[in-house]
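Let me begin by presenting the structure, written as structure tokens, before commenting on it.
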Amino acid sequence: MTRHSPGRRTDRLSRRAFLAAGAAATGALAGCIGGDDEDGNGNGGNGTNGDEGDGEPSSPDVVNSSNAPTTPSVEDPPDAVYLPTHQESMEHLETVEAGEYAVMPMLTYPHKFWLVSGTEREAVTPDSTGVHLMATVWDAETGEVLPVDTGAQLRLTRDGDLVDQRAPWPMISQTMGFHFGDNVPLPEQGTYAVEFDLTPIGGDTVRKTGEFADRFTEPRTVRFEFEFDQEFQESVVNGVEYLEEDQWGDRGALEPMAGMGGMNGEMEDGAGDDDMDDGGDGNGSEGGMEMSMPFSALQPADAYLGTDLGTLASGDATFVVRYLTETRLTDGSSGYLLVSPRTPYNRVPLADTALAVEGALEGELIQTLDSELGHHYGIAGDLASDEQLDLVVESPPQVARHRGYETAFLEMPPMTVEVP
Amino acid sequence: MELPDPDETSRRDYLRSLVAVGGTAALSACLDLTGDESGSGVPTGDPVERPARQHAWNDALGTDDDGNPRPPEHHVLVPLSLTTTPDADASDTVEAAFQSLERAYAHDPAGLLFTVGYSPAYFAQVSSEKPIPAPEAITTLESPEFDEFDAVVHFASDKAAVVMEAEQALLGETDEPNGVEMDATLEGVFERAEPRRTGFVGPGLPAEHTGLDGVPDSVPEEAPFFMGFRSGFAESQAPEERVTIQDGPYAGGTTMHVESLTLQLQTWFEQDNHFQRVSKIYSPEHGEEELAGDVGEKLGTSTGVAGEIAERTEQDARERGMVGHAQKAARARDDNGTPPLLRRDFNTVDNEVPGVHFLSLQRSIDEFVRVRQAMAGEDLAGEGVGQRLNNGILQYIFVRRRGNFLLPPREDRALLEA
Ligand code: HEM
Ligand SMILES: [Cu+2]
């Protein structure tokens, strides 16, 4: 296994951010990490949305028993996408490929995130040592991130013994877009091996169209290892970068960590195609991360063809709405209504949303992954000038949220679409 | 394998762990422990009193306070491989061995309940018939291993010592189970295969395993199953008649599917909240209306998912972003509302990992597959719920292994077709 330092964060923010952990703080930190003393900070309780930290903008970096830095949080965030107080740092492992898939595993300290069931949100607060383990999965051929719950699962072993088996949550983060992740408790430091199973993308979960129609039908497993040690723990905690305090809670989002890849995102030729077994240092992520990890960004609104039915908003999500008459997405006998909901700013697709239309066109929209148009929801049907329809969000996107996304995309009132 | 230390475990947990370890040392440790109260207390039996259907257990089972059948507490699934070509002599030996067990123990959870099943591999050796298909992966979320041995014996009893002793007596590893002599054993016909599986079920038993890494302290004290909720309500179980093969050479028998699952209890208990758990195991209606109570104690003999709640599954996926496991599975009931599966699943900590051996009886394996697909809810995924996320309990269960078996009627249970 090759160890990459976590220094490969984008430093886009560093201009306006300050590094809180000075030498003294680091020393204090080292003493805390791995310590067994329960200090009560590791609140593992369910059922609250209470934040760790007291919201005071002090210089933080005291870690609790779960090695999560006690970062301040925004006290009264808007019901919208907002800037958190800090940006996490993380370790990127090498890209691993299997069959049609490429996977980049990433690790950081266990941190708070939110599960979503219907319109309910449930905070998950770290309460034991371990990691926040994440993986971004993309099509090795086109570099497009596959942004739906495909039911991935992982097995974590140490010296051949099963330590943990789980299905990481599909989740969205401002800096990482759509990924699978979870806080995984690790009993002790050491080398851990992960088998990450990718299940076929079923036609029921998402309609696959274009070049994707017959793809992603085989289960695959990728394997990787990581080191959970003091050095890792310190580096991810020390790497936390704070935003200027006057920005905390402002509407806005952190910038994606990798270059905005997505649909047209170029994968550097050969990036990530080193043999997963050789464990060598093939894929030069060092400094070249922008190329090796695509970000799940959709195309900007003006890149979509067809009749522009508007770019609407609900629950702070942006909905690009288009009516296509000439399209391979229908059998040719009718037009096609394309709706692409995405996060504002970073254009992260909002997966597993239930959308329906009422009015001039009626019915349920089908989640679709098209090799050219990307992730969207669609329905076949005809529309004429001056017609009107309501776009109804029956369920908001059922994806877990990193900080800054947890208050948005929950209450999503219907939108009115007018055909010009 | 090392025996557990009795000082470090509760008594029931110790008994359970002895069953898991198996072997003669475990058995004598178990008899030492239970000797004074059960040594004489285990009722002996008479083969003529056993019912014609191997799977006819319900009449012998006790009931809980609500009147639901109460499954035996301890279970072992013993896999067997043939060591000889089945013939009439071998068949007589096997039948004599089973009848010896029936003399040693009464047909009662205080005694011994057991069934003998045969796999597709067995039929391939003895006949041209293929009464049951080879096991296959049923959903897109799994890449299981398959049971490839020839036969399996399912032992069940409320007494840990009984399941262990019966198993060893059958294989000739101990004499005189419960003080009764064995006229024959399986030796020379069958030998042990892999993997042996063990388990337990009953209020309070899961919570005794919080010492294991994968079992959080938050498992409710009174829960009968690891996931914390009551299951096996009378109304949601097929009557034995419904799972009995009606005609043909195996009439009076049934089929058995065993699906071994690993459970992720830490996310289930420590990330989800009670509302989510109730909604995901029963239905969102149960969550919103607080119909279940802490562990399903409010439910009596029925979850009430059949009918309206099951019919609303797709709508719940779209509008509530969540569907329940029982709700989804109930979509596969017969038109007249009868459930097609008789579930006799049990908890396990085999290999020190919490799991379930989901043992199900049904008239044909197809019926299992159909219900299992309804439970997988792949048709629901994509808009409102994911392939796993909020789609019942799929986020927390991992299929490891599958096996299909035919359980012949009792009179044909010894090497049928031989
Ligand atoms: C860890 C695994 C499982 C757990 C914890 C579990 C738990 C439950 C619970 C709590 C109920 C509701 C109580 C009841 O109706 O008795 C239920 C019902 C049911 N489950 Fe499961 N189950 C599991 C696996 C399975 C599997 C693998 C199947 C395979 C098909 C299945 C099929 C059913 C069926 C058919 C029902 C009854 C639905 C009806 O009312 O018609 N379960 N289960
Ligand atoms: Cu994450």
Side-chain angles (χ1 to χ4, degrees), chain A residues 44-47 113 115-120 122-125 127-128 148-153 155 161-167 169-170 182-185 187 197 199-207 217 219 221 351-356 364-368 377 394-400, chain B residues 137 139-143 213-214 216-218 262-277 279-280 284 287-288 314-323 351-355 376-391 394-400:
Chain A
N46 259 328
F113 62 91
L115 301 178
V116 170
S117 300
T119 53
E120 300 279 321
E122 173 67 27
V124 173
T125 312
D127 63 351
S128 54
V148 289
D149 173 19
T150 52
Q153 55 169 292
R155 285 176 303 283
D161 294 332
L162 185 69
V163 177
D164 194 278
Q165 175 162 24
R166 65 180 60 217
W169 305 100
D182 201 352
N183 292 340
V184 180
D197 295 339
T199 41
I201 302 186
D204 281 316
T205 308
V206 55
R207 181 172 74 126
T217 53
T221 300
D352 293 342
T353 308
L355 295 175
E364 296 170 354
L365 275 65
I366 311 269
Q367 178 164 242
T368 305
Y377 300 80
E394 293 183 311
S395 281
Q398 301 296 300
V399 286
Chain B
T139 67
T140 55
L141 298 179
E142 61 183 69
S143 314
D213 275 348
D217 291 339
S218 39
T262 299
L263 297 178
Q264 172 48 257
L265 297 172
Q266 189 250 338
T267 47
W268 175 246
F269 284 113
E270 314 219 317
Q271 297 191 353
D272 282 89
N273 59 34
H274 188 69
F275 160 77
Q276 287 168 312
R277 282 190 292 273
S279 302
K280 291 179 188 185
E288 274 162 36
E314 207 179 319
Q315 196 182 341
D316 279 354
R318 293 192 64 90
E319 294 174 7
R320 305 202 208 195
M322 199 161 38
V323 294
N351 308 315
E352 313 273 280
V353 177
E378 290 183 17
D379 56 316
L380 304 166
E383 292 100 23
V385 302
Q387 207 150 321
R388 287 185 191 272
L389 180 71
N390 296 340
N391 197 340
L394 301 178
Q395 186 82 33
Y396 321 90
I397 66 174
F398 304 94
V399 182
R400 279 206 316 264

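A, B, ... follow the sequence lines: proteins, then strands. Residue 1 opens every chain. Not measured: the values here are computed from a predicted model.
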With a 3.5 Å distance limit and no angle check, can you tell me whether [X] reaches the backbone of [Y] through a side-chain donor-acceptor pair?
| X | Y | result |
| --- | --- | --- |
| A:Thr199 | B:Leu141 | no |
| B:Glu383 | A:Gln367 | yes |
| A:Glu122 | B:Asp272 | no |

Side-chain heavy atoms of [X] within contact of [Y], under 4.5 Å:
| X | Y | result |
| --- | --- | --- |
| B:Gln264 | A:Gln165 | no |
| B:Val353 | A:Leu162 | yes |
| B:Asp213 | A:Val163 | no |

Under 4.5 Å from any heavy atom of chain A - which part of [X]:
| X | value |
| --- | --- |
| B:Thr140 | both |
| B:Glu319 | both |
| B:Arg320 | backbone |
| B:Gln266 | side chain |

Within the 3.5 Å criterion, strictly below it, is a donor on B:Gln395 or A:Arg166 matched to an acceptor on the partner's side chain?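 A:Arg166 and B:Gln395 do not have a side-chain donor-acceptor pair below 3.5 Å.
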Does a donor on one side chain sit under 3.5 Å from an acceptor on the other, for A:Asn183 and B:Gln271?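 The answer is no; no qualifying pair exists.
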Considering non-hydrogen atoms only, spot the tightest contact between B:Leu389 and A:Asp149 and give its length.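 Smallest heavy-atom distance, with atoms named: N-OD2, 2.9 Å.
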If you compare all heavy atoms of A:Ser117 against all heavy atoms of B:Lys280, which two are closest, and at what distance to 0.1 Å?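 For A:Ser117 versus B:Lys280, the nearest heavy atoms are OG-CE, 4.1 Å.
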Side chain to side chain contact (heavy atoms under 4.5 Å, CB included) between A:Thr205 and B:Glu378, worked out: CA-CA 7 Å; A:Thr205 308; B:Glu378 290 183 17; 6.0 Å; no
Identify, with sequence neighbours excluded, every residue that meets side-chain contact (heavy atoms from CB on, under 4.5 Å) alongside B:Pro354.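 Per chain and number, B:Pro354 pairs via side-chain contact (heavy atoms from CB on, under 4.5 Å) with B:Val215, B:Phe226, B:Leu265.
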I'd like to check the side-chain contact (heavy atoms from CB on, under 4.5 Å) partners of A:Val116; sequence neighbours left out, ordered by chain and number.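 Once residues adjacent in sequence are excluded, the partners of A:Val116 under the side-chain contact (heavy atoms from CB on, under 4.5 Å) criterion are A:Gln398, A:Arg401, A:Leu410.
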Run the numbers on B:Arg388 and A:Gln153 for side chain to side chain contact (heavy atoms under 4.5 Å, CB included), then give the verdict. CA-CA 10 Å; B:Arg388 287 185 191 272; A:Gln153 55 169 292; 3.1 Å; yes
